[in-house]
Participant: 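Okay, handing you the structure first.
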4 protein chains.
Amino acid sequence: MSKYNRIKEEAYHGNLQLPKLGLVLFTWGNVSVADHSEKVFAIKPSGVPYENLTVEEMVIVDFEGNVVEGKLRPSSDTPTHAVLYKHWNDVNSIVHTHSTYATAWAQSQLDIPILGTTHADHNTSDIPCAPPMSDEMIKGNYEYETGFQILNILKEKKLSHTEMEMVLIGNHAPFTWGKSAEKAVYNSAVLENVAKMAYLTKQINPNAPRLKDALINKHYERKHGTNAYYGQN
Amino acid sequence: MSKYNRIKEEAYHGNLQLPKLGLVLFTWGNVSVADHSEKVFAIKPSGVPYENLTVEEMVIVDFEGNVVEGKLRPSSDTPTHAVLYKHWNDVNSIVHTHSTYATAWAQSQLDIPILGTTHADHNTSDIPCAPPMSDEMIKGNYEYETGFQILNILKEKKLSHTEMEMVLIGNHAPFTWGKSAEKAVYNSAVLENVAKMAYLTKQINPNAPRLKDALINKHYERKHGTNAYYGQN
Amino acid sequence: MSKYNRIKEEAYHGNLQLPKLGLVLFTWGNVSVADHSEKVFAIKPSGVPYENLTVEEMVIVDFEGNVVEGKLRPSSDTPTHAVLYKHWNDVNSIVHTHSTYATAWAQSQLDIPILGTTHADHNTSDIPCAPPMSDEMIKGNYEYETGFQILNILKEKKLSHTEMEMVLIGNHAPFTWGKSAEKAVYNSAVLENVAKMAYLTKQINPNAPRLKDALINKHYERKHGTNAYYGQN
Amino acid sequence: MSKYNRIKEEAYHGNLQLPKLGLVLFTWGNVSVADHSEKVFAIKPSGVPYENLTVEEMVIVDFEGNVVEGKLRPSSDTPTHAVLYKHWNDVNSIVHTHSTYATAWAQSQLDIPILGTTHADHNTSDIPCAPPMSDEMIKGNYEYETGFQILNILKEKKLSHTEMEMVLIGNHAPFTWGKSAEKAVYNSAVLENVAKMAYLTKQINPNAPRLKDALINKHYERKHGTNAYYGQN
C-alpha cells in the first residue's frame, strides 16, 4: 500500500462529493489533499469520470508540480494546487469546480456582494473575483500563474486565506480550500448557494443593500469567534 | 424514556422533512415542537447533519431558552423559538430555514406581494419582510431579539400570527410556524414555492398587478373560512 | 367493483403522473376522466396526498357537479371540470395544476407568445391567458364560473378547444385537457416546458420575435396535419 | 442479427443518455450513428419513449433519407441527419434535442457569446445561431433544408464542422455532432451547460465582456492542441 494512502483516500472521498452535491458536470472539477510533512498532495487524475475513480488512481504530486507516484496524468489544474500548498502550510485541501452560479459570477467579473446572513455565516466580506490574467501570464505557465492570481487578489483585497476560503477567477471559475477535504468541498457548496442567492436577490431588487456591519460581525462571531455558539465544538 | 418523548419524536420527524422538501443545504434549518403544558420545546441540536440525527438527541429547552434535557447544544436560533412560544400559546411548532427563493426575498428587503391564488390559498396579504435589526439589538441578545423582530413586524402590519404563519427577516431568512410540525414545515414549503412564483412573475411582467380583493377573500374562505370546502375536514 | 372502474383507474393513474413530472407540490393539482355515455367523471378527492391515493377513493361526479359515488369530498375545482365536460363531448380528461412557470405567466396576466418550434409542435397560436374574473362572478359559484372563463377566452380568441388544449387563468394557474388522461397530463407538461422556455427567451432577448407563420404551419402540420409524419400513427 | 448491429447498439445507448442527462422531455430528441462505409445510419424511431426503446427498433436509413431496415418510421428529423452525413464523412454521430437553455438561446435568435473558460475548453468562438429559414425552404423539404441551414451558417461564420461541433437553429433548437455517439451527446450536455451559464452571466452583468483571445487560445490548446495535457490521451 502506498505511504500516501491517507491523503489518497481523503482526496478520493472528497472528489466523490462533487457530483453528489451537484457541483460538477462530467469531469469538470477536482479535489486535492496535501501532506505538508511530506510536501506532496494527492489529486484527481485528469479526465477520469467520478464513477470510475479509485483510491489507487489518485496521483501524488510534489509542491513544484512534479508527479511522485501514479500511472495517470494529474488534473490539468495541478500547478495551481501546487502553488497554493507551497504558500499556505495551514491549508490541507483545495477544490476547483465549474459550478453553475459561481461560474456565472466569475464570467461576470464581479465580486459576490455580501447581502445576507447566509453569506455572513461564512465570510465577513464580498467574495472576490480576480481580474483576468495578463496575456504574458497566460502564454507562460498558465495554471501555475492561476495560483498567483489567487494569492494576488487576496493580497489586494487585504484578505487572509484563513478568513476567506473561496475566490472566483474572472472569466473562469471558483477555487475553494480548507483544513480538510470535507471543509474545502463544503466551501464549494456554500459558494454555489451564496452565488445563487445573490443572483436572485439582485434580480428581485437591483438596489438590495449590502449587509450592515453589525450583522456581518455578529454572524461571523457566532460561528467562528472565540465565543462561537454554533455547532457542537 | 424521556417524558418529553412525544415532542422529541415530532420535532425529529419535522426536521427530516426539511432536506426531503429541498428546503435546506447541510444543517441550515431547524424545526422545534412545543409542549405548552410543560412550557418546553424540543429542538434540533446545532450543526448535526439531518442524516445522523436521532430522536434521543433532540434538545429540550424551556421558554426562557434554558436547556432542560439533552447532551448536545441546541440550535443557535433557540432563543428566537423561545420568545415566540412564550408569546404564542396556540403555536406548537416553529421552522427556520435558509430556503433559496424565500431567502432571496429576505435579502431584497421586500415583502412578497400577493400575485395569485397559490398565495391566496394560504394568506390574505403580502408576506411581510421585517426590516434589519437596529445595531443595539444586534449587539445584545441577537437571536432573542429576532423573536421580537417577528412579533413587531406582525404588529406593525396589523397581522395576527394565526392568519399569517410566515415572516421574512430582512437580510436573513424565513421563519414559519403552525399548530403542528407538519403544518409549520408545510408552511415553509408553501413560502418557498410562492417566493419562486412571485420572483418569476415580476421578471416576466414587472407591472403584474396584486390579486384583487374579491379573489383574495374567495380563495382564503374556501380553504380556511367557516364554510371551507377544501380538503376532507 | 364500481361500474365506473375504468374511469376511476384512468384518473388514478393520471393523478400519479403529476408528481412524477414535477408539476405539483403537495396536493395542488387534479386529474379527472369522463365517461360521456354515463355523463359522469372520476376526479381526485380533495386534499389527499398522491402517495396515499387509491383507485377506490376517486370520486364520481355528474356533469352538474353532484357526487354520484364516493366517500370523500371531490377536488374543490370539480365544478370547473363539470362545466367543461358538459360543453365538450369530445374531451375525456381535464388537468389542473399550479406548475411553477405556467402559474408565473398566469400571474403575469400575459399570453405565452409562440417563440419557437417546441411551442409550434403543439399549438398554432399564443397560449391564451384569461383575464381575472369579475367580482360578481367570484362572489357567485366561483369554480363553476372558472369553467366559463375558459370557454369565454377560447371564444374571444377564436380558438377551438380541440386545437388549443391549454389555457391560463389570469392570477390563478393553468388548465389543460385532451382525449385521454395521458394526453391531458402530457399537455400540462408541455405547457410548463414551453412556459419556462418563453420566460428564458424573453430574459435573454426582450425583443425575440414571434415565430413566423410558415414555420408555425409547418410544425403543426408535421405532427397534426393530414399528412403528419411525426410518431408511429 | 442485423449487419448494422454495431451502429444500432451505439445509437440505442446514445439515445438512452439523453433523459439521463436531463436533455429531453418525453421523446423530444434523437441520436443517430453512421457507418460511412455502408453509407447508412441508425436513428431513433419517431415518437417512441426512451424507456421502451430496444436496439432492434433502431431504424437504418441511407444518406438520401430512405429507410433501409426497420419496421418503425424514423425520427421526423431524419433528413437533417442524412444531409449532414452526406457532407461530412468524418462525423459518426449527430444529436438533436430541445434542451431548455440552448433552445431559449435559439428562440432568442442570438449566438451564445464566449464568456468564459467552460466555453473555451470546447470552442474558440461564439456558438452560432442560424437565422430562421426562408418561407420557400420551409414549404419545401423542411427537415432536409434544416441540414443546409447548418451547413450554411458554418460557412458564413467561416467555421469548420470539426472545430465547432454544435449549432443553434434560430426559433428551433440545437444540433450537435462528433466522432462517436458518446462525444455527440457530450457536446449536447456541454452546450446546455454553457447556454445556462451565458444566460446567468448576462443577467448578472449585461456588459460582461467576451473572453480575451489569449485565454480562448490557451484553453482550447490545452484540451485539443498538439500539446494537449487534459485527460489521459
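Computed from heavy atoms alone, side chains included, the values below leave out hydrogens, waters and symmetry copies. What you are looking at is a predicted structure, and each value in this text was computed from that prediction instead of being measured. Residue numbering restarts at 1 for every chain, and letters A, B, ... go by the order of the sequence lines.
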Participant: Where on A/L110 is there a heavy atom nearer than 4.5 Å to chain D: the side chain, the backbone, both, or neither?
Facilitator: side chain

Participant: Any idea which of A/Q107, A/Q203, A/K202 has the most non-hydrogen atom pairs under 4.5 angstrom with chain D?
Facilitator: A/Q107

Participant: So what's closer than 4.5 Å to chain A heavy atoms on D/H219: side chain, backbone, both or neither?
Facilitator: side chain

Participant: In terms of side-chain heavy atoms, does D/N193 have a donor or acceptor partner in A/H98 at a distance below 3.5 Å?
Facilitator: no

Participant: Checking side-chain contact (heavy atoms from CB on, under 4.5 Å) against A/S188, which of A/T97, A/L21, A/V31, A/V24 comes through?
Facilitator: A/T97

Participant: For A/E69, I'd like to know if atom CD has over 12 heavy atoms of other residues, nucleotides or ligands within 6.0 Å.
Facilitator: yes

Participant: With a 4.5 angstrom heavy-atom cut-off, could you sort out which part of D/A120 is near chain A: side chain, backbone, both or neither?
Facilitator: neither

Participant: For the backbone of D/V91 and the side chain of D/H36, can you confirm whether one donor and one acceptor N or O come within less than 3.5 Å of each other?
Facilitator: yes

Participant: Looking at D/R222 and A/D77, does any basic side-chain N land under 4.0 Å from a carboxylate oxygen?
Facilitator: yes

Participant: Tell me, for A/L72 versus chain D, whether the close heavy atoms (under 4.5 Å) come from the side chain, the backbone, both or neither.
Facilitator: both

Participant: Whether the side chain of A/E192 engages the backbone of A/A102 through a donor-acceptor N/O pair (distance < 3.5 Å, no angle test) should be reported.
Facilitator: yes

Participant: Check this for me: does any side-chain nitrogen of one of A/D126 and A/K157 sit under 4.0 Å from a carboxylate oxygen of the other?
Facilitator: no

Participant: Between A/W88, A/Y85, A/F41, which is the residue that forms a ring pair (Phe, Tyr, Trp, His ring centres under 6.0 Å) with A/W177?
Facilitator: A/W88

Participant: Tell me, side chain or backbone of D/Y199 under 4.5 Å from chain A's heavy atoms, or both, or neither?
Facilitator: side chain

Participant: Using 30° and 60° as the class boundaries, would you call the ring planes of A/F26 and A/W28 parallel, tilted or perpendicular?
Facilitator: tilted

Participant: Check each atom of A/S75 against the heavy atoms of chain D and say whether the ones under 4.5 Å are side chain, backbone, both or neither.
Facilitator: neither

Participant: For A/K71, is there an ion pair with A/E56 - N to carboxylate O distance below 4.0 angstrom?
Facilitator: no

Participant: What residues of residues 45-54 of chain A make heavy-atom contacts with chain D at a cutoff under 4.5 angstrom?
Facilitator: A/P45, A/S46, A/G47, A/V48

Participant: Measure distances from D/N217 to the heavy atoms of chain A and classify the residue's part below 4.5 Å as side chain, backbone, both or neither.
Facilitator: neither

Participant: Top residue by heavy-atom pair count (under 4.5 Å) with chain A, among D/N207, D/T201, D/N205?
Facilitator: D/T201

